[in-house]
Amino acid sequence: MPRDGSSGTMINFSKSHLFGMLAGLFLAAGLVCSSMLATRAWMKIKNSQFVTVKGSARKNVKADLAIWNGSFTVEADSLLDAQRKLKTDMEKVAQFMNRKSVTNFIFTPISIQELQAAKKDSSGMIEQKTVGYRLTQTVQVQSGDVDRMVALDRESAELVEDGLLFTAQPLEFIYTKAGEAKVEMLAEATKDARERAEQISKQGRRTIDSLYSAQMGVFQITPLYQFQTSWDGMNDTSSLDKTITAVVTATFALK
């Protein structure tokens with residue numbers, strides 16, 4: 001019995017020893033690989049004359065222009081009756097705007113659609129005939145008073161209560177100073193790229209000399225805190241609050 005117990009202890013000890021050796025080998029291999037990658041990166045920076053990095057800058061802004069479009073539709077058997085109905089509805093829309101102290105609204109050209117129906121002629125043949133007309137009129141307002149436009153959009157339901165077949169399109173929110181922000185943010189993105197380049201160059205015991213070249217990436221205007229991107233850039237008009245992102249790919253000479 002003692003021999004068997006002793007033998008079992010030796011077997012367990014051998015397995016534990018084997019696992020320990022394997023763990024040590026894997027750890028050593030990982031350290032060697034990491035060291036080789038770090039050395040390779042260090043040598044690449046050390047022997048290169050340039051370093052290329054991407055820099056970015058972000059800025060949160062609020063739209064300073066809102067565009068509101070609403071349309072109303074009438075139908076009648078004759079074009080003349082449809083025009084009379086539309087004129088009455090236009091007056092109601094104008095009165096609504098005046099109540100809201102909105103004076104810069106405009107009416108766009110009228111859209112006219114013939115209403116067709118299949119009917120049989122005297123010989124029994126089926127043909128399409130005009131049975132009425134549908135006229136659609138759009139009203140548009142543009143304003144820098146964004147909050148007031150939001151209220152106008154919400155209160156436009158009063159026109160439906162007044163008997164109009166009225167629908168409002170989603171508000172468009174525009175940031176008109178995007179061009180000015182672009183110049184400022186590209187400078188910030190380039191500064192960010194330089195800071196990144198300095199951190200990288202230190203790994204090869206080098207320092208940044210000067211900016212060799214810079215390429216502007218696409219300019220992204222997205223809803224606030226939503227960082228989806230597009231290869232040709234985004235210009236969000238659906239949200240009041242937005243995030244502007246500028247990206248620069250910069251190459252710096254090393255010394």
Side-chain angles (χ1 to χ4, degrees), residues 54-73 89-111 136-162 164-196 214-250:
K54 286 185 181 293
S56 64
R58 287 190 176 92
K59 181 179 182 180
N60 295 333
V61 299
K62 182 177 180 179
D64 56 359
L65 175 67
I67 302 175
W68 179 80
N69 288 283
S71 61
F72 48 100
T73 301
D89 285 355
M90 287 177 66
E91 291 174 353
K92 290 181 178 179
V93 172
Q95 291 170 5
F96 167 78
M97 293 296 179
N98 291 330
R99 289 198 304 271
K100 304 303 176 182
S101 300
V102 177
T103 59
N104 62 328
F105 61 92
I106 59 172
F107 290 109
T108 63
I110 300 170
S111 170
T136 301
Q137 176 77 69
T138 298
V139 59
Q140 184 182 91
V141 184
Q142 297 186 22
S143 176
D145 190 344
V146 178
D147 295 331
R148 186 178 181 184
M149 294 291 287
V150 172
L152 179 68
D153 180 59
R154 182 176 59 251
E155 295 165 359
S156 65
E158 295 176 15
L159 290 168
V160 178
E161 297 171 357
D162 201 18
L164 276 70
L165 186 57
F166 186 90
T167 56
Q169 301 298 318
L171 274 167
E172 295 182 55
F173 297 102
I174 312 297
Y175 182 63
T176 62
K177 300 176 182 178
E180 300 171 15
K182 188 174 184 178
V183 175
E184 174 188 347
M185 293 182 65
L186 287 174
E188 292 180 5
T190 303
K191 180 181 178 181
D192 179 61
R194 186 180 184 90
E195 292 174 354
R196 293 171 184 259
Q215 182 178 359
M216 179 184 68
V218 292
F219 203 61
Q220 311 279 355
I221 302 179
T222 60
L224 188 66
Y225 304 127
Q226 297 183 26
F227 300 118
Q228 70 268 34
T229 59
S230 171
W231 68 272
D232 57 349
M234 292 187 66
N235 186 13
D236 168 69
T237 60
S238 65
S239 59
L240 178 59
D241 296 298
K242 309 173 187 294
T243 297
I244 303 177
T245 305
V247 177
V248 168
T249 300

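Heavy-atom basis, side chains included; hydrogens, waters and symmetry copies ignored. This one's a predicted model, so the numbers in the text were calculated from it and none came from an experiment.
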*Asks:* Please check this pair: side chain of Arg194 against backbone of Gly55, looking for a donor-acceptor N/O pair closer than 3.5 Å.
*Replies:*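 Such a contact is absent between Arg194 side chain and Gly55 backbone.
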*Asks:* Please evaluate residues Asn69 and Glu172 with respect to the criterion side chain to side chain contact (heavy atoms under 4.5 Å, CB included), reporting the C-alpha separation (whole Å), side-chain torsions for both, the decisive distance (0.1 Å), and the verdict.
*Replies:* CA-CA 9 Å; Asn69 288 283; Glu172 295 182 55; 4.1 Å; yes
*Asks:* Side chains of Gln220 and Val247, heavy atoms from C-beta outward: is any pair under 4.5 Å?
*Replies:*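 They are not in contact (no side-chain heavy atoms under 4.5 Å apart), so the answer is no.
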*Asks:* When rounded to the nearest 0.5 angstrom, what is the spacing between CZ in Arg154 and CG in Leu171?
*Replies:*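 Rounded to the nearest 0.5 Å, the CZ-CG separation comes out at 10.5 Å.
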*Asks:* Is the ring centre of Phe173 less than 6.0 Å from the ring centre of Tyr175?
*Replies:*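 So the answer is no for these two rings.
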*Asks:* Would you check, one step at a time, whether the test side chain to side chain contact (heavy atoms under 4.5 Å, CB included) holds for Val248 with Leu186?
*Replies:* CA-CA 7 Å; Val248 168; Leu186 287 174; 3.7 Å; yes
*Asks:* Taking Gln137 for the side chain and Thr108 for the main chain, is one N or O donor matched with an acceptor at less than 3.5 Å?
*Replies:*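 Such a contact is found between Gln137 side chain and Thr108 backbone.
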*Asks:* Please report the interatomic distance CE(Met90) to CD1(Ile110), rounded to the nearest 0.5 Å.
*Replies:*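 Met90 atom CE to Ile110 atom CD1 measures 6.0 Å (nearest 0.5 Å).
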*Asks:* For Arg99, is there an ion pair with Glu155 - N to carboxylate O distance below 4.0 angstrom?
*Replies:*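 No.
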*Asks:* Side chains of Val139 and Met97: does their closest heavy-atom pair fall under 4.5 Å?
*Replies:*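 Side-chain contact under 4.5 Å: yes.
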*Asks:* Near Gln215 CD, under 6.0 Å, is it more than 12 heavy atoms from other residues, nucleotides or ligands?
*Replies:*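 No, because the 6.0 Å sphere around CD of Gln215 holds 12 heavy atoms or fewer from other groups.
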*Asks:* Taking the side chain as every heavy atom from C-beta outward, state whether Phe105 and Val93 have any pair of such atoms under 4.5 Å apart.
*Replies:*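 The answer is no; the side chains never approach within 4.5 Å.
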*Asks:* Donor-acceptor pair, distance only, cut-off 3.5 Å: does the side chain of Lys242 make one with the backbone of Asp236?
*Replies:*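 Present.
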*Asks:* Apply side chain to side chain contact (heavy atoms under 4.5 Å, CB included) to Ala57 and list each qualifying residue two or more places apart in sequence or on a separate chain.
*Replies:*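 Expected list: Met185, Glu188, Ala189.
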*Asks:* Does a side chain donor of either Asp64 or Thr176 reach within less than 3.5 Å of an acceptor in the other side chain?
*Replies:*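 Side chains of Asp64 and Thr176: pair found under 3.5 Å.
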*Asks:* Looking only at atom types and distance, does a side-chain atom of Gln142 sit under 3.5 Å from a main-chain N or O of Ile67, one as donor and one as acceptor?
*Replies:*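 Here the side-chain-to-backbone pair does not exist.
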*Asks:* State the CZ-CG distance between Phe72 and Leu164, to the nearest 0.5 angstrom.
*Replies:*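 If we round to the nearest 0.5 Å, Phe72:CZ and Leu164:CG are 6.5 Å apart.
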*Asks:* Does this structure show an ion pair linking Asp147 with Lys62, if we count only N-O contacts that are shorter than 4.0 Å?
*Replies:*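 The answer is yes: the pair qualifies as a salt bridge.
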*Asks:* Taking atom CD of Glu158 and atom CD of Gln95, what is their separation to the nearest 0.5 Å?
*Replies:*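 So the CD of Glu158 and the CD of Gln95 are separated by 12.5 Å.
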*Asks:* Measuring from Phe166:CZ to Asp89:CG, what's the distance to the nearest 0.5 Å?
*Replies:*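 Phe166 CZ to Asp89 CG: 10.5 Å, rounded to 0.5 Å.
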*Asks:* Give, for atom OG1 of Thr222 and atom CZ of Arg58, the distance between the pair rounded to the nearest 0.5 Å.
*Replies:*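 With rounding to 0.5 Å, OG1 (Thr222) is 8.0 Å from CZ (Arg58).
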